[in-house]
**Q** 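Handing you this structure, nothing more for now.
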Amino acid sequence: MTTHTVDPTRELAAFLRDRRERLDPHDVGLPARRQPRRTPGLRRDEVAELAGISIDYLVRLEQARPLRPSVDVVEALARALRLTPDERTYLYDLTQQRPRTTAKPPTTAASPLARLVADLSPLPAMLMNHRYDILAWNPEMARLLIDFDTLPPQQRNAMWLCLIHPETRTYYTDPERVAKEGTAYLRAAWAAHPEDQVLNELITQCITHNELFARSWAQRDVRINGRGHKVIRHPDAGEIAVHFEVLMPLQDPDQRLMVFRAGDDDSQAAMDRLLTR
(Lines give C-alpha, C1' and ligand atoms only; values in the text may rest on other atoms or scores of the structure.)
Protein backbone atom coordinates (compact mmCIF):
# COMPACT_ATOMS: atom_id res chain seq x y z
CA MET A 1 0.00 0.00 0.00
CA THR A 2 1.46 3.32 -0.97
CA THR A 3 1.73 6.01 1.67
CA HIS A 4 -0.94 8.28 0.21
CA THR A 5 -3.60 5.62 0.62
CA VAL A 6 -2.87 4.72 4.25
CA ASP A 7 -1.81 7.99 5.89
CA PRO A 8 -4.98 9.82 7.02
CA THR A 9 -3.13 13.14 7.27
CA ARG A 10 -1.97 12.98 3.65
CA GLU A 11 -5.37 11.77 2.52
CA LEU A 12 -7.05 14.65 4.36
CA ALA A 13 -4.76 17.10 2.57
CA ALA A 14 -5.45 15.56 -0.84
CA PHE A 15 -9.19 15.36 -0.18
CA LEU A 16 -9.43 19.03 0.82
CA ARG A 17 -7.46 20.12 -2.25
CA ASP A 18 -9.53 17.90 -4.53
CA ARG A 19 -12.87 19.15 -3.26
CA ARG A 20 -11.71 22.78 -3.28
CA GLU A 21 -10.63 22.48 -6.91
CA ARG A 22 -13.95 20.90 -7.89
CA LEU A 23 -16.01 23.86 -6.69
CA ASP A 24 -17.12 26.54 -9.09
CA PRO A 25 -17.12 30.06 -7.60
CA HIS A 26 -20.74 30.44 -8.74
CA ASP A 27 -21.65 27.43 -6.54
CA VAL A 28 -20.78 29.42 -3.42
CA GLY A 29 -22.10 32.80 -4.55
CA LEU A 30 -18.77 34.40 -5.43
CA PRO A 31 -18.87 37.09 -8.13
CA ALA A 32 -17.30 36.39 -11.50
CA ARG A 33 -13.84 37.81 -12.06
CA ARG A 34 -12.80 39.71 -15.16
CA GLN A 35 -9.51 37.84 -15.36
CA PRO A 36 -9.69 34.07 -15.87
CA ARG A 37 -8.53 31.93 -12.97
CA ARG A 38 -5.15 30.28 -13.36
CA THR A 39 -6.25 27.17 -11.45
CA PRO A 40 -9.60 25.36 -11.27
CA GLY A 41 -12.00 25.74 -8.40
CA LEU A 42 -11.75 28.05 -5.42
CA ARG A 43 -8.61 29.65 -4.06
CA ARG A 44 -7.49 28.79 -0.53
CA ASP A 45 -8.31 32.26 0.76
CA GLU A 46 -11.87 31.93 -0.54
CA VAL A 47 -12.41 28.60 1.22
CA ALA A 48 -10.81 29.94 4.40
CA GLU A 49 -13.17 32.92 4.38
CA LEU A 50 -16.22 30.74 3.73
CA ALA A 51 -15.20 28.42 6.59
CA GLY A 52 -14.23 31.20 8.97
CA ILE A 53 -10.69 29.90 9.52
CA SER A 54 -7.30 31.40 8.79
CA ILE A 55 -5.77 30.84 5.39
CA ASP A 56 -2.55 29.77 7.14
CA TYR A 57 -4.40 26.95 8.91
CA LEU A 58 -5.98 25.76 5.66
CA VAL A 59 -2.60 25.85 3.92
CA ARG A 60 -1.11 23.70 6.66
CA LEU A 61 -3.98 21.22 6.40
CA GLU A 62 -3.45 20.96 2.64
CA GLN A 63 0.27 20.49 3.23
CA ALA A 64 -0.45 17.41 5.40
CA ARG A 65 0.87 19.02 8.56
CA PRO A 66 0.08 16.91 11.67
CA LEU A 67 -2.88 18.97 12.85
CA ARG A 68 -6.06 17.84 14.60
CA PRO A 69 -8.95 20.07 13.45
CA SER A 70 -11.73 20.57 15.97
CA VAL A 71 -15.27 19.44 15.33
CA ASP A 72 -16.26 23.07 14.64
CA VAL A 73 -13.49 23.43 12.04
CA VAL A 74 -14.41 20.14 10.37
CA GLU A 75 -18.06 21.15 10.16
CA ALA A 76 -17.14 24.58 8.81
CA LEU A 77 -14.96 23.02 6.11
CA ALA A 78 -17.73 20.58 5.18
CA ARG A 79 -20.14 23.50 4.71
CA ALA A 80 -17.64 25.66 2.84
CA LEU A 81 -16.75 22.85 0.44
CA ARG A 82 -20.43 21.92 -0.06
CA LEU A 83 -19.73 18.29 0.83
CA THR A 84 -22.39 15.63 0.36
CA PRO A 85 -23.48 13.67 3.46
CA ASP A 86 -21.15 10.79 2.55
CA GLU A 87 -18.24 13.17 1.91
CA ARG A 88 -18.95 14.91 5.21
CA THR A 89 -18.80 11.58 7.05
CA TYR A 90 -15.54 10.78 5.26
CA LEU A 91 -14.07 14.12 6.37
CA TYR A 92 -15.07 13.42 9.97
CA ASP A 93 -13.44 10.00 9.78
CA LEU A 94 -10.22 11.38 8.30
CA THR A 95 -9.97 13.93 11.12
CA GLN A 96 -10.80 11.24 13.70
CA GLN A 97 -13.73 13.18 15.04
CA ARG A 98 -16.17 10.28 15.04
CA PRO A 99 -16.06 7.89 18.01
CA ARG A 100 -13.93 4.86 17.13
CA THR A 101 -14.33 1.39 18.48
CA THR A 102 -11.32 -0.42 19.86
CA ALA A 103 -12.88 -3.82 19.21
CA LYS A 104 -11.41 -5.99 16.48
CA PRO A 105 -13.52 -6.40 13.33
CA PRO A 106 -15.82 -9.41 13.59
CA THR A 107 -14.68 -12.45 11.64
CA THR A 108 -17.73 -14.57 12.47
CA ALA A 109 -21.41 -13.82 12.11
CA ALA A 110 -23.47 -12.89 15.14
CA SER A 111 -25.68 -15.94 15.73
CA PRO A 112 -29.05 -14.11 15.47
CA LEU A 113 -27.94 -12.53 12.20
CA ALA A 114 -26.74 -15.84 10.78
CA ARG A 115 -30.18 -17.30 11.52
CA LEU A 116 -31.82 -14.29 9.88
CA VAL A 117 -29.77 -14.85 6.72
CA ALA A 118 -31.06 -18.42 6.59
CA ASP A 119 -34.63 -17.35 7.34
CA LEU A 120 -34.60 -14.89 4.43
CA SER A 121 -34.66 -17.75 1.90
CA PRO A 122 -35.71 -17.80 -0.89
CA LEU A 123 -34.34 -14.25 -1.13
CA PRO A 124 -30.56 -14.33 -1.70
CA ALA A 125 -28.88 -12.85 1.37
CA MET A 126 -25.45 -12.58 2.95
CA LEU A 127 -23.87 -10.99 6.01
CA MET A 128 -20.62 -8.99 5.84
CA ASN A 129 -18.35 -7.03 8.15
CA HIS A 130 -17.05 -3.50 7.52
CA ARG A 131 -14.41 -4.68 5.03
CA TYR A 132 -17.01 -6.79 3.21
CA ASP A 133 -15.74 -10.17 4.35
CA ILE A 134 -18.68 -12.53 3.84
CA LEU A 135 -19.51 -14.03 7.24
CA ALA A 136 -22.73 -15.88 6.43
CA TRP A 137 -24.84 -16.61 3.37
CA ASN A 138 -27.84 -18.67 2.35
CA PRO A 139 -27.96 -21.24 -0.48
CA GLU A 140 -29.73 -18.80 -2.79
CA MET A 141 -26.88 -16.29 -2.61
CA ALA A 142 -24.36 -19.06 -3.23
CA ARG A 143 -26.28 -20.22 -6.30
CA LEU A 144 -26.51 -16.70 -7.64
CA LEU A 145 -22.85 -15.75 -7.13
CA ILE A 146 -20.48 -18.58 -6.22
CA ASP A 147 -20.20 -21.54 -3.86
CA PHE A 148 -18.48 -19.68 -1.03
CA ASP A 149 -17.47 -22.95 0.62
CA THR A 150 -15.07 -23.62 -2.26
CA LEU A 151 -13.16 -20.39 -1.59
CA PRO A 152 -10.31 -19.89 0.88
CA PRO A 153 -11.53 -17.72 3.79
CA GLN A 154 -9.44 -14.73 2.66
CA GLN A 155 -11.24 -14.74 -0.70
CA ARG A 156 -14.72 -14.74 0.82
CA ASN A 157 -14.99 -11.01 0.37
CA ALA A 158 -17.65 -9.25 -1.68
CA MET A 159 -15.25 -6.61 -3.02
CA TRP A 160 -12.60 -9.18 -3.95
CA LEU A 161 -15.19 -11.27 -5.79
CA CYS A 162 -16.64 -8.44 -7.87
CA LEU A 163 -13.33 -6.68 -8.56
CA ILE A 164 -10.62 -9.36 -8.74
CA HIS A 165 -11.98 -12.92 -8.95
CA PRO A 166 -11.45 -14.04 -12.58
CA GLU A 167 -14.93 -15.56 -12.89
CA THR A 168 -17.34 -13.55 -10.75
CA ARG A 169 -15.92 -10.14 -11.79
CA THR A 170 -17.25 -10.90 -15.30
CA TYR A 171 -20.80 -11.37 -13.98
CA TYR A 172 -21.50 -7.64 -13.84
CA THR A 173 -22.66 -5.88 -16.99
CA ASP A 174 -21.38 -2.48 -15.87
CA PRO A 175 -17.84 -3.02 -14.52
CA GLU A 176 -17.09 0.70 -14.35
CA ARG A 177 -20.05 1.29 -12.07
CA VAL A 178 -19.06 -1.71 -9.95
CA ALA A 179 -15.54 -0.30 -9.62
CA LYS A 180 -16.83 3.14 -8.61
CA GLU A 181 -19.20 1.72 -6.02
CA GLY A 182 -16.49 -0.60 -4.71
CA THR A 183 -14.15 2.35 -4.36
CA ALA A 184 -16.73 4.35 -2.43
CA TYR A 185 -17.45 1.45 -0.06
CA LEU A 186 -13.79 0.67 0.63
CA ARG A 187 -12.69 4.29 0.95
CA ALA A 188 -15.38 4.95 3.55
CA ALA A 189 -14.45 1.72 5.37
CA TRP A 190 -10.77 2.65 5.33
CA ALA A 191 -11.41 6.15 6.70
CA ALA A 192 -13.32 4.63 9.63
CA HIS A 193 -10.72 1.84 10.18
CA PRO A 194 -7.32 3.12 8.97
CA GLU A 195 -5.55 0.76 11.36
CA ASP A 196 -7.07 -2.36 9.73
CA GLN A 197 -4.12 -3.92 7.89
CA VAL A 198 -6.27 -6.61 6.25
CA LEU A 199 -8.45 -3.87 4.76
CA ASN A 200 -5.35 -1.99 3.60
CA GLU A 201 -4.08 -5.13 1.88
CA LEU A 202 -7.43 -5.65 0.17
CA ILE A 203 -7.38 -2.10 -1.17
CA THR A 204 -3.83 -2.62 -2.44
CA GLN A 205 -4.91 -5.77 -4.28
CA CYS A 206 -7.85 -3.98 -5.87
CA ILE A 207 -5.67 -1.08 -7.01
CA THR A 208 -3.08 -3.50 -8.40
CA HIS A 209 -5.42 -5.90 -10.19
CA ASN A 210 -8.32 -3.71 -11.32
CA GLU A 211 -7.49 -0.72 -13.51
CA LEU A 212 -11.01 0.74 -13.23
CA PHE A 213 -10.80 0.57 -9.44
CA ALA A 214 -7.36 2.19 -9.41
CA ARG A 215 -8.62 5.06 -11.56
CA SER A 216 -11.71 5.50 -9.43
CA TRP A 217 -9.72 5.33 -6.18
CA ALA A 218 -7.68 8.33 -7.31
CA GLN A 219 -10.90 10.36 -7.70
CA ARG A 220 -11.71 10.02 -3.97
CA ASP A 221 -15.42 9.37 -4.38
CA VAL A 222 -17.14 8.30 -1.16
CA ARG A 223 -20.80 8.10 -2.10
CA ILE A 224 -22.37 5.03 -0.51
CA ASN A 225 -25.38 3.22 -1.97
CA GLY A 226 -27.32 1.39 0.70
CA ARG A 227 -29.82 0.30 -1.92
CA GLY A 228 -29.71 0.04 -5.66
CA HIS A 229 -30.03 -1.97 -8.83
CA LYS A 230 -27.54 -4.12 -10.71
CA VAL A 231 -27.60 -6.63 -13.55
CA ILE A 232 -25.80 -9.95 -13.16
CA ARG A 233 -24.82 -11.96 -16.23
CA HIS A 234 -25.03 -15.48 -14.81
CA PRO A 235 -23.32 -18.24 -16.83
CA ASP A 236 -26.24 -20.65 -16.31
CA ALA A 237 -29.28 -18.36 -16.03
CA GLY A 238 -28.41 -15.42 -18.29
CA GLU A 239 -29.02 -11.82 -17.28
CA ILE A 240 -30.71 -11.30 -13.92
CA ALA A 241 -31.64 -7.81 -12.76
CA VAL A 242 -31.69 -7.47 -8.98
CA HIS A 243 -32.57 -4.81 -6.45
CA PHE A 244 -30.35 -4.86 -3.39
CA GLU A 245 -30.71 -3.47 0.10
CA VAL A 246 -27.94 -3.16 2.71
CA LEU A 247 -29.02 -3.05 6.36
CA MET A 248 -26.86 -2.33 9.43
CA PRO A 249 -28.18 -3.89 12.67
CA LEU A 250 -28.21 -1.60 15.72
CA GLN A 251 -26.90 -4.36 17.98
CA ASP A 252 -24.02 -5.22 15.62
CA PRO A 253 -23.26 -2.02 13.67
CA ASP A 254 -20.04 -3.39 12.18
CA GLN A 255 -21.99 -6.10 10.36
CA ARG A 256 -24.22 -5.46 7.38
CA LEU A 257 -26.92 -7.55 5.80
CA MET A 258 -27.31 -7.53 2.01
CA VAL A 259 -30.53 -8.84 0.47
CA PHE A 260 -31.32 -9.29 -3.23
CA ARG A 261 -34.73 -9.24 -4.92
CA ALA A 262 -35.48 -9.88 -8.56
CA GLY A 263 -35.81 -6.62 -10.46
CA ASP A 264 -38.50 -7.76 -12.92
CA ASP A 265 -40.61 -10.77 -13.91
CA ASP A 266 -38.05 -12.16 -16.37
CA SER A 267 -35.33 -11.95 -13.75
CA GLN A 268 -37.56 -13.64 -11.19
CA ALA A 269 -38.21 -16.49 -13.64
CA ALA A 270 -34.47 -16.82 -14.33
CA MET A 271 -33.71 -16.83 -10.63
CA ASP A 272 -36.40 -19.47 -9.98
CA ARG A 273 -34.87 -21.70 -12.66
CA LEU A 274 -31.42 -21.25 -11.20
CA LEU A 275 -32.49 -22.02 -7.65
CA THR A 276 -34.44 -25.17 -8.57
CA ARG A 277 -31.54 -26.83 -10.44
**Q** Side chains of Leu91 and Leu12, heavy atoms from C-beta outward: is any pair under 4.5 Å?
**A** yes

**Q** With no hydrogens and no angle check, just 3.5 Å: does a side-chain donor-acceptor pair link His193 and Asp93?
**A** no

**Q** Considering only heavy atoms from C-beta outward, does the side chain of Thr108 approach that of Leu135 to under 4.5 Å?
**A** no

**Q** How are the rings of Trp190 and Tyr90 set to each other: parallel, tilted or perpendicular (split at 30° and 60°)?
**A** tilted

**Q** Side chains of Asp264 and Ser267 only: does a donor on one sit below 3.5 Å from an acceptor on the other?
**A** yes

**Q** Working to the nearest 0.5 angstrom, can you tell me the gap between Leu144 CG and Met126 CE?
**A** 9.5 Å

**Q** One pair to check against salt bridge (charged side-chain N to carboxylate O under 4.0 Å, His left out): Arg88 and Glu75. What are the steps and the verdict?
**A** CA-CA 8 Å; Arg88 177 178 174 275; Glu75 185 59 35; 2.8 Å; yes

**Q** Does Arg17 form a salt bridge (charged side-chain N to carboxylate O under 4.0 Å, His left out) with Glu62? I'd like the steps, not just the answer.
**A** CA-CA 6 Å; Arg17 288 194 303 269; Glu62 290 195 1; 5.3 Å; no

**Q** Heavy-atom count check: over 12 atoms from other residues, nucleotides or ligands less than 6.0 Å from Glu245 CD?
**A** yes

**Q** Ignoring hydrogens, what is the shortest heavy-atom contact between Asp221 and Arg187? Give both atom names and the distance.
**A** O-CD, 3.9 Å

**Q** Any chance CZ of Arg227 has more than 12 other-residue heavy atoms, nucleotides or ligands included, within less than 6.0 Å?
**A** no

**Q** Between His234 and Tyr171, is the ring centre distance below 6.0 Å?
**A** yes

**Q** Under 3.5 Å, side chain of Thr168 to main-chain N/O of Leu161, donor-acceptor pair present?
**A** yes

**Q** May I ask you to establish whether Arg10 and Phe15 are in a cation-pi arrangement, using a distance under 6.0 Å from NZ or CZ to the six-membered ring centre and at most 45° from the ring axis?
**A** no

**Q** Report yes or no: does Asn138 contribute a side-chain atom to a donor-acceptor pair with the main-chain N or O of Met141 at less than 3.5 Å?
**A** yes

**Q** Among the clusters formed by ILVMFWY side chains lying less than 4.5 Å apart, do Val47 and Ile53 turn up in the same one?
**A** yes

**Q** Quick one: pull up CD in Gln255 and CE in Met248 and give me the separation to the nearest 0.5 Å.
**A** 10.0 Å

**Q** On the 0 to 90° scale, with breaks at 30° and 60°, tag the His165-Trp160 ring pair as parallel, tilted or perpendicular.
**A** perpendicular

**Q** For the atom pair CD1 (Ile55) and CZ (Arg43), what is the distance rounded to the nearest 0.5 Å?
**A** 8.5 Å

**Q** Can you find a side-chain donor-acceptor pair between Asn157 and Asp133 that sits under 3.5 Å?
**A** yes

**Q** Looking at Lys230, I'd like to know if its NZ atom is crowded, meaning that more than 12 non-hydrogen atoms belonging to other residues, nucleotides or ligands lie closer than 6.0 Å.
**A** yes

**Q** Around atom CG of Asp265, are there more than 12 heavy atoms of other residues, nucleotides or ligands at under 6.0 Å?
**A** no

**Q** Could you tell me whether Asp56 and Arg60 make a salt bridge, using a distance below 4.0 angstrom between a side-chain N and a carboxylate O?
**A** yes

**Q** Could you walk me through whether Arg22 and Asp18 pass the salt bridge (charged side-chain N to carboxylate O under 4.0 Å, His left out) check?
**A** CA-CA 6 Å; Arg22 289 190 185 192; Asp18 180 83; 2.9 Å; yes

